[in-house]
Each structure stands twice: as structure tokens, then as C-alpha cells.
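These notes concern the structure reproduced below.
In listed order, ligands and their atoms are each counted from 1. None of these values were measured; they are calculated from a predicted model. Excluded from the calculations below are hydrogen atoms, water molecules and symmetry mates; all remaining heavy atoms, backbone and side chain alike, are included.
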Amino acid sequence: MNAKTLDLKVYISEEKIKQTVERIGKELTTKFKGKKVVAVCVLKGSFLFFSDLIRQIDTDITCEFFGVSSYHGGTSSSGEVKVTLDLASPVEGQHVILVEDIVDTGLTMNYLRKAIESRSPASLTTVTLLEKPDALKVPCQLDYVGFKITNEFVVGYGLDYEGFYRNLPYIAQVQNLQ
Ligand code: IMP
């Protein structure tokens with residue numbers, strides 16, 4: 001199946017993303033300088049943000065990958081989080097930075113927080129590039145947020161529609177859904 005042709009409008013430019021990634025990277029460097037951290041990339045959506053962000057964090061860092069799925073390809077969350085890939089190493093006693101692409105209802109982030117906290121890390125810091133505050137269904141503690149956005153569907157820079165559009169270098173609003 002090919003990608004459905006979407007009518008896209010640039011919402012957050014490459015330049016703005018770059019500035020924000022640098023800002024969060026600096027803040028995390030200040031927080032963790034001299035400490036070893038484990039950065040956890042939430043797959044699939046955060047892989048581009050994650051790879052840009054870790055290059056802005058100046059301290060000893062290892063990387064882990066946590067695969068979850070809650071959308072099953074469409075534009076609304078199923079409300080049910082499915083683990084597609086578990087962490088390969090224990091995080092017990094370590095400083096964990098959890099990197100998400102977007103917090104919509106908050107269910108995925110809440111699930112991930114509980115899953116990591118149950119493994120007894122020394123600390124857990126949550127980061128998301130995007131947050132849709134009007135879509136939140138459960139309270140969600142976010143330590144670093146790149147952009148707060150309106151409750152509309154976006155694609156690009158890792159975020160997909162039916163698996164496509166992750167390779168756009170910017171974040172776009174979709175004009176012609178439904
Ligand atoms: P939540 O559990 O409802 O907060 O949803 C989080 C997940 O839904 C994210 O990790 C994304 O994979 C997906 N998601 C939420 N909003 C969007 C969007 O606007 N575009 C693409 N994916 C989204």
C-alpha cells in the first residue's frame with residue numbers, strides 16, 4: 001500500500017525543531033553533567049527526535065529502545081498500549097531519560113512511566129517533543145516539553161499516518177483528514 005496523499009501545511013519548521021532540541025539538550029546536560037544516564041527511545045515515533053537529542057546531551061550516555069503501539073495505524077489512540085519491543089537491559093539504579101515524540105491522551109506516557117518505575121531506576125526524567133494539552137485524558141507528569149500544540153493530527157519528524165510521513169524533516173498539520 002502506498003501513502004495516502006495528504007494535504008500538508010508546515011506547522012513546526014526544521015529550524016524551530018533544531019532550536020528546541022538544542023535547548024532541551026542543554027537543560028539535560030546541566031541536570032546530568034558528570035552522571036551516567038540511560039536514554040530510552042520510544043519506538044517508533046521518537047527515533048528522529050531521540051537521535052538529534054542525544055547528540056546535544058554532553059554526559060556519559062547509553063541508549064535503550066522501548067517499542068509500544070497504541071494507534072494501530074489510524075489517527076486516534078486505541079487507549080490500549082501494546083509492547084512491541086521491551087528494553088534489552090535492566091535500568092535498575094540508573095538515571096533514565098524517557099524520550100517520547102508526542103503526548104496526546106497521556107495513556108502511553110503513563111504506561112511507560114509505570115513500566116520503567118517498576119524496574120527501580122535511580123531517577124526517571126520524561127521528555128516529549130510535542131504535547132496536546134487539550135487531548136489529555138489522564139494526568140501526566142512531563143519534565144521537558146518541546147512544543148505544546150493544539151488538538152490536531154500532525155505528521156513528520158518521526159510521526160506517522162498509517163506508517164508513512166515519518167521521513168518529513170519538519171512537522172506538518174494534515175488539512176484533509178476525514
Ligand atoms: P497517547 O497514548 O494518546 O498519549 O498517544 C501517544 C502516541 O500516539 C504517540 O506516541 C504517537 O505514536 C501517537 N500520536 C498521538 N498524536 C499523534 C499525532 O498527531 N500524529 C501522529 N501520531 C500521534
Notebook entry, point to check: Is Lys132 near ligand 1, meaning one of its heavy atoms is under 4.0 Å from it?
Noted result: yes

Margin query: Could you check whether any side-chain heavy atom of Tyr157 comes within less than 4.5 Å of a side-chain heavy atom of Leu129, counting everything from C-beta outward?
Written below: yes

Check: Is there any N or O on Gly106 that sits under 3.5 Å from an N or O of ligand 1?
Finding: yes

Checklist line | Heavy-atom closest contact (Pro121 atom, Val96 atom, distance) | finding: CB-CG2, 3.8 Å

Next item on the list: Would you mind telling me if ligand 1 is within reach of the side chain of Thr108, the backbone, both or neither, using heavy atoms under 4.0 Å?
Entry: both

Next item on the list: Using a strict 4.0 Å cut-off to heavy atoms of Thr105, name the atoms of ligand 1 that fall inside it.
Entry: 1 (P), 2 (O), 3 (O), 4 (O)

Item checked: N or O contact, Met109 vs ligand 1, cut-off under 3.5 Å -> no

Notebook entry, point to check: Which pairs pass salt bridge (charged side-chain N to carboxylate O under 4.0 Å, His left out) with one or both residues in residues 46-66, sequence neighbours excluded?
Noted result: Lys33-Asp58, Asp52-Arg55

Next item on the list: Would you mind reporting whether Leu98 and Leu124 have side-chain heavy atoms less than 4.5 Å apart?
Entry: yes

Next item on the list: Report, in ascending order of atom number, the atoms of ligand 1 lying under 4.0 Å from any heavy atom of Asp160.
Entry: 21 (C)

Check: Cut-off 3.5 Å, side chains only: do Thr150 and Glu152 have a donor facing an acceptor?
Finding: yes

Checklist line | Residue-ligand contact Val155/ligand 1, heavy atom below 4.0 Å | finding: no

Item checked: side-chain hydrogen bond (donor to acceptor under 3.5 Å, both in side chains) involving Lys36 - partner list, sequence neighbours excluded -> Gln94

Next item on the list: Indicate, as side chain, backbone, both or neither, the part of Glu100 found under 4.0 angstrom from ligand 1 when only non-hydrogen atoms are considered.
Entry: side chain

